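One structure below.
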Amino acid sequence: MTEGPPSTRQLNVKTHVMGAEEIRRAVTRIAHEIVEANKGTEDLVLVGIRTRGAPLADRIATAIASFEGVDLPSGALDVTLYRDDVSLRSPRNVEATTVPGDVDGRIVVLVDDVLFTGRTIRAAFDAVLDLGRPRAIRLAVLVDRGHRELPIRADHVGKNLPTSSEEVVKVYMHEIDGEDAVLIGEEEKPS
């Protein structure tokens, strides 16, 4: 087993990419970019993709409130049933989708922790469109690691992180994992 905090023990850590301070700065930068791209906060709604995108969306909303003085609606979206690989993945509990208010005519900013193949984001598009017809959907991610299988690009990125397809990028959020970190490693093989 790898030494370290309990949440890192199932990962053979190769590199510690971001800690709490780097994540805080990335969230602040993303928040400023979102407001600048939108020319303010009117009609914005942040929607975090469960699991770790939801606390990221809340953090971005808090950052925007700190410099704009506006409380943006922030919600969470579970895309489990919209995935194209449901039969290939191990079963997982479906969590609540909590999108504040109506998305019709609004600018929805989807927030996720890691952008990899693009399949989760494709599922999120379908889930959002089932909720209504937004004026636009944008994407903010903490880490973009490449290796896209679908033509999806993030509008706001905390860190571009070139990786091999065999490597694993793990994001830990204090709200869920008790710590903030982004690590690169390899999954431990069962003995």
Side-chain angles (χ1 to χ4, degrees), residues 2 4-5 7-8 10-39 41 44-64 66-67 72 74 76-77 79 83-85 107-128 136-177 179-187:
T2 303
S7 60
T8 64
Q10 296 170 351
L11 182 73
N12 287 322
V13 177
K14 292 169 61 176
T15 308
H16 187 278
V17 179
M18 297 172 83
E21 186 58 22
E22 291 90 357
I23 291 172
R24 185 197 62 75
R25 281 196 301 267
V27 166
T28 300
R29 186 175 57 258
I30 290 168
H32 281 282
E33 287 177 5
I34 289 170
V35 171
E36 185 175 326
N38 195 60
K39 297 178 178 59
T41 59
L44 279 176
V45 61
L46 302 173
V47 178
I49 299 171
R50 292 203 185 269
T51 299
R52 287 166 184 79
L56 277 171
D58 290 341
R59 289 185 190 192
I60 292 168
T62 299
I64 290 171
S66 75
F67 61 81
L72 284 183
S74 176
L77 188 66
V79 301
R83 295 191 60 95
D84 63 1
D85 60 356
I107 297 169
V108 174
V109 180
L110 288 172
V111 180
D112 205 7
D113 57 348
V114 179
L115 177 55
F116 184 29
T117 63
R119 292 185 180 278
T120 298
I121 304 308
R122 190 226 38 92
F125 290 159
D126 289 347
V128 168
I137 300 175
R138 298 198 178 120
L139 177 59
V141 297
L142 182 62
V143 174
D144 183 346
R145 64 171 293 191
H147 303 285
R148 222 69 84 237
E149 294 174 3
L150 300 172
I152 291 174
R153 178 189 58 83
D155 299 287
H156 312 286
V157 178
K159 186 167 190 72
N160 285 297
L161 188 59
T163 61
S164 79
S165 57
E166 290 78 37
E167 291 176 313
V168 175
V169 175
K170 289 281 193 178
V171 173
Y172 298 97
M173 301 296 300
H174 188 269
E175 297 88 337
I176 295 165
D177 307 297
E179 65 180 314
D180 283 346
V182 177
L183 308 173
I184 298 176
E186 296 171 347
E187 293 283 349

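Only a predicted model underlies this, so the values are computations on that prediction, with no experimental measurement involved.
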From [X] [atom1] over to [Y] [atom2], what is the distance, rounded to the nearest 0.5 angstrom?
{"X": "Leu46", "Y": "Leu110", "atom1": "CG", "atom2": "CG", "answer": "10.0 Å"}
{"X": "Thr120", "Y": "Asp84", "atom1": "OG1", "atom2": "CG", "answer": "9.0 Å"}
{"X": "Lys170", "Y": "Leu183", "atom1": "NZ", "atom2": "CG", "answer": "9.5 Å"}
{"X": "Arg122", "Y": "Thr117", "atom1": "CZ", "atom2": "OG1", "answer": "10.0 Å"}
{"X": "Leu72", "Y": "Thr62", "atom1": "CG", "atom2": "OG1", "answer": "10.0 Å"}
{"X": "Lys159", "Y": "Met18", "atom1": "NZ", "atom2": "CE", "answer": "6.5 Å"}

Legend entry - Identified side-chain contact (heavy atoms from CB on, under 4.5 Å) counterpart of Asp144 within the set Val157, Asp112, Leu139: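 Filter result, single survivor: Val157.
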Donor-acceptor pair, side chain of [X] and main chain of [Y], under 3.5 angstrom:
{"X": "Arg59", "Y": "Val27", "answer": "no"}
{"X": "His147", "Y": "Thr163", "answer": "yes"}
{"X": "Arg138", "Y": "Ala154", "answer": "no"}
{"X": "Arg29", "Y": "Gly158", "answer": "yes"}
{"X": "Arg50", "Y": "Ala54", "answer": "no"}
{"X": "Arg145", "Y": "Leu115", "answer": "no"}

Could you report the tightest heavy-atom contact between [X] and [Y], atom names first, then the distance?
{"X": "Ile34", "Y": "Ala140", "value": "CD1-CB, 4.3 Å"}
{"X": "Gly118", "Y": "Ile152", "value": "O-CD1, 3.2 Å"}
{"X": "Leu77", "Y": "Ala124", "value": "CD2-O, 3.9 Å"}
{"X": "Phe125", "Y": "Ile137", "value": "CE2-CG2, 3.7 Å"}
{"X": "Tyr172", "Y": "Arg52", "value": "CA-NE, 4.4 Å"}
{"X": "Asp58", "Y": "Ser74", "value": "OD1-OG, 2.8 Å"}

Legend entry - Glu149 atom CD: more than 12 heavy-atom contacts under 6.0 Å: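 Yes, because the 6.0 Å sphere around CD of Glu149 holds more than 12 heavy atoms from other groups.
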Inset, instruction - Compare all side-chain heavy atoms of Arg153 with those of Asp155 and state whether any distance is below 4.5 angstrom. - result: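 Yes, side chains in contact.
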Legend entry - Glu186/Glu166 under side chain to side chain contact (heavy atoms under 4.5 Å, CB included): CA gap, chis, key distance, verdict: CA-CA 7 Å; Glu186 296 171 347; Glu166 290 78 37; 5.9 Å; no
Inset, instruction - Determine, step by step, whether Ile121 and Ile49 satisfy the side chain to side chain contact (heavy atoms under 4.5 Å, CB included) criterion, reporting the C-alpha distance in whole Å, the side-chain angles of both residues, the deciding distance to 0.1 Å, and the verdict. - result: CA-CA 9 Å; Ile121 304 308; Ile49 299 171; 3.6 Å; yes
Inset, instruction - Let me see the working for Asp180 and Arg24 under salt bridge (charged side-chain N to carboxylate O under 4.0 Å, His left out), right down to the final yes or no. - result: CA-CA 9 Å; Asp180 283 346; Arg24 185 197 62 75; over 6 Å; no
